[in-house]
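Please find one structure pasted underneath; my questions will follow.
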Protein chains: 2
Amino acid sequence: MPERPPPAANRPPTRRISLSVDVVLLTPHGRRLTTLLQRSADPRARERWELAWDAPHGEETIDDAAARVARTALGAAPALVEQVGAFGDRRRHPGGADVSIAYLALVPAGAPAPVGGDTAWFPVEELPALAPRQREMLDGALAAVRARLDQAPIAFRLLPPTFTLTQLQEVYELLLGRRLHKASFRRALQAAWLVEPTDEWRSEGRGRPAQLFRYAPRRRRGGRRGVRFDGLGG
Amino acid sequence: MPERPPPAANRPPTRRISLSVDVVLLTPHGRRLTTLLQRSADPRARERWELAWDAPHGEETIDDAAARVARTALGAAPALVEQVGAFGDRRRHPGGADVSIAYLALVPAGAPAPVGGDTAWFPVEELPALAPRQREMLDGALAAVRARLDQAPIAFRLLPPTFTLTQLQEVYELLLGRRLHKASFRRALQAAWLVEPTDEWRSEGRGRPAQLFRYAPRRRRGGRRGVRFDGLGG
DNA sequence: TCAATAGTGTCTGTTAGACATTATGGA
DNA sequence: TCCATAATGTCTAACAGACACTATTGA
């Protein structure tokens, strides 16, 4: 039986550390998922790109700080801001923070882009070099988006208030990284009572116009079926 | 078009904050999920119970600190330690930490219990009063366990190396909070190639002895099917 | 007219859940 | 013997994916 030390003493944690709140802003651009990066504000490293970040101000909570950082970088409030997790290994952060809290923020497609050469949307498969800590946070945010896709209305936050079912399916395909079957997708969507049709139609270019829908979840009917043993690799 | 402030200045986050790492240790006890609580080390509040927690020491990362806190509280290393998230609202933490990082730690059923009246396992439905921050972290850890059940081998970390299929199903029922169909459960398990039989059998009390299995995931065959629109409430 | 996209009906193989049955031990 | 639990076979309804077809627009 190993020796067991007494429980940690209940003193305030005296050692204070530096903290950053970093936000991964995401929006679809065409058939690609893109993320917002800013040029470093450090005058010695103006050519480097960074995730938007800052330390919490004054009495702000970390959620407050994330909302502020997102709003400042984007010029408007995103549709959803959610925590991803804390990153406190020894990888480098642009501000030298000991611990960084990552947030993801979703921006509807077609929202006005921030102007100026200091801020730009990059496809997530073609990113410039980032500080290792921020690279890790970005990968974590992408994994979180995919994991939460069927738990929270992620896809609807990446679309304007009304959208076509093809747009919705494209967002799912974007996030899942695979093609979906059109008829099955619509059947499952109808069975879930998640969207309702508007009386508007949109004609884009050639084919038949598509009906516009809005996100309007009704109460679920029937419980979940089965247990998923997928994803239990090693 | 709203005025857009310049991006956050790239100065080190000078304001330093106090940080705690809090661990939610979980193990099944019979048909209940239980969590480890310790009596407060504060001599003025010895009757209060707390999650195990501490500030990171010296050069420790937050993952290191979580592993240490878990090992210290339990007297042995848990089977899995994973981050839940950061909690930095204004709710009270026992150590007055500005920000707390929650971890969950899984302990196999039947592992030796910590001795002494300062540490005890409580069923998660019958907890004593906790500091509001820690109560929030515990609820977050339980939600994370349920959410990750089909993404990571959570259930197997709550069981000894060999186990019966009934035990495994009981862990799933414990975490999901609902009964599962025995035949369906076993069919899905077999199709997923997650466990392999040993040549041992266990006789518990009355009925026919059950074969023991071990967790031995084989490579997946075939991709995921469909999209889940469950869980998209509102 | 053709090309392109939206939207739907039908068929089929797979799977979840219900039910029943057999197997094997202890009391 | 009876009872309790393990383990499995069969049936059915639900569902995912394939395919085909109709509908409606612009070029």
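Chain naming here is simple, since letters A, B, ... match the order of the sequence lines and numbering starts at 1 in each. This one's a predicted model, so the numbers in the text were calculated from it and none came from an experiment.
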A:R214: partners by salt bridge (charged side-chain N to carboxylate O under 4.0 Å, His left out), with sequence neighbours left out: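 In terms of salt bridge (charged side-chain N to carboxylate O under 4.0 Å, His left out), with neighbours along the sequence ignored, A:R214 is linked to A:E196.
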
Heavy-atom closest contact (B:V69 atom, B:V21 atom, distance):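 For B:V69 and B:V21, the tightest heavy-atom pair comes out as CG2-O, 4.3 Å.
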
Aromatic plane relationship, B:F156 with B:F163 - under 30° parallel, 30 to 60° tilted, over 60° perpendicular: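 The rings of B:F163 and B:F156 sit tilted, inter-plane angle from 30° to 60°.
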
For atom CZ of A:R228 and atom C1' of C:dT15, their distance in whole Å: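 Atom-to-atom, A:R228 to C:dT15, this comes out as 11 Å.
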
Heavy-atom closest contact (A:A52 atom, A:A73 atom, distance):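 Distance-wise, the nearest heavy atoms are CB-CB, 3.7 Å.
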
Stepwise side chain to side chain donor-acceptor pair (under 3.5 Å) test for B:T61 and B:D63: CA-CA 5 Å; B:T61 66; B:D63 286 358; 5.4 Å; no

From B:R91, B:Q134, B:R133, B:E136, residue fulfilling side chain to side chain donor-acceptor pair (under 3.5 Å) relative to B:S100: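 Running side chain to side chain donor-acceptor pair (under 3.5 Å) over B:R91, B:Q134, B:R133, B:E136 with B:S100 returns exactly one hit, B:R133.
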
Residues from residues 178-189 of chain A lying under 4.0 Å of DNA chain D - heavy atoms: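 Contacts with DNA chain D under 4.0 Å: A:H181, A:S184, A:R187.
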
Residues from residues 165-175 of chain A lying under 4.0 Å of DNA chain D - heavy atoms: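 Of all residues in residues 165-175 of chain A, none places a heavy atom under 4.0 Å from DNA chain D.
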
Length of the CG-C1' vector between B:D230 and C:dA16, whole Å: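 Atom CG in B:D230 sits about 14 Å away from atom C1' in C:dA16.
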
Gap between atoms CD and P, on A:E204 and C:dG7 respectively (whole Å):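 Atom-to-atom, A:E204 to C:dG7, this comes out as 11 Å.
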
Rounded distance in Å - CZ (B:R225) to P (D:dA16):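 For the pair B:R225 CZ and D:dA16 P, the rounded distance is 7 Å.
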
Gap between atoms CD and P, on B:Q190 and D:dT8 respectively (whole Å):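 Taking CD of B:Q190 and P of D:dT8, I get 7 Å after rounding.
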
Reading 5' to 3' through nucleotides 22-27 of chain D, protein heavy-atom contacts under 4.0 Å coded B for base, S for sugar-phosphate only, - for none: -BBBBS

Which atom pairs, donor and acceptor, lie under 3.5 Å between side-chain atoms of residues 139-146 of chain A and protein residues at least two apart or in another chain?
from: A:D139; atom 1: OD1; to: A:R135; atom 2: NH2; distance (Å): 3.1
from: A:R146; atom 1: NE; to: A:L175; atom 2: O; distance (Å): 2.8

Verdict with reasoning, B:F229 to A:F185, per ring pair (Phe, Tyr, Trp, His ring centres under 6.0 Å): CA-CA 10 Å; B:F229 292 114; A:F185 182 81; 5.6 Å; yes

Sugar-phosphate only, base, or nothing, as touched by B:Q211 at under 4.0 Å among non-hydrogen atoms: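 Touches sugar-phosphate only.
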
Side chain to side chain donor-acceptor pair (under 3.5 Å) partner of A:S40, chosen from A:E47, A:E50, A:R48: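 Result for side chain to side chain donor-acceptor pair (under 3.5 Å) with A:S40: A:E50.
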
B:I62 to A:F87 - nearest heavy-atom pair and separation: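 Closest approach of B:I62 to A:F87: CD1-C, 4.3 Å.
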
Spacing between B:L176 atom CG and C:dG17 atom C1', to the nearest angstrom: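 These atoms are roughly 16 Å apart.
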
Salt bridge (charged side-chain N to carboxylate O under 4.0 Å, His left out) pairs, two or more places apart, involving residues 175-184 of chain A: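 Non-adjacent pairs meeting salt bridge (charged side-chain N to carboxylate O under 4.0 Å, His left out): A:E173-A:R179.
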
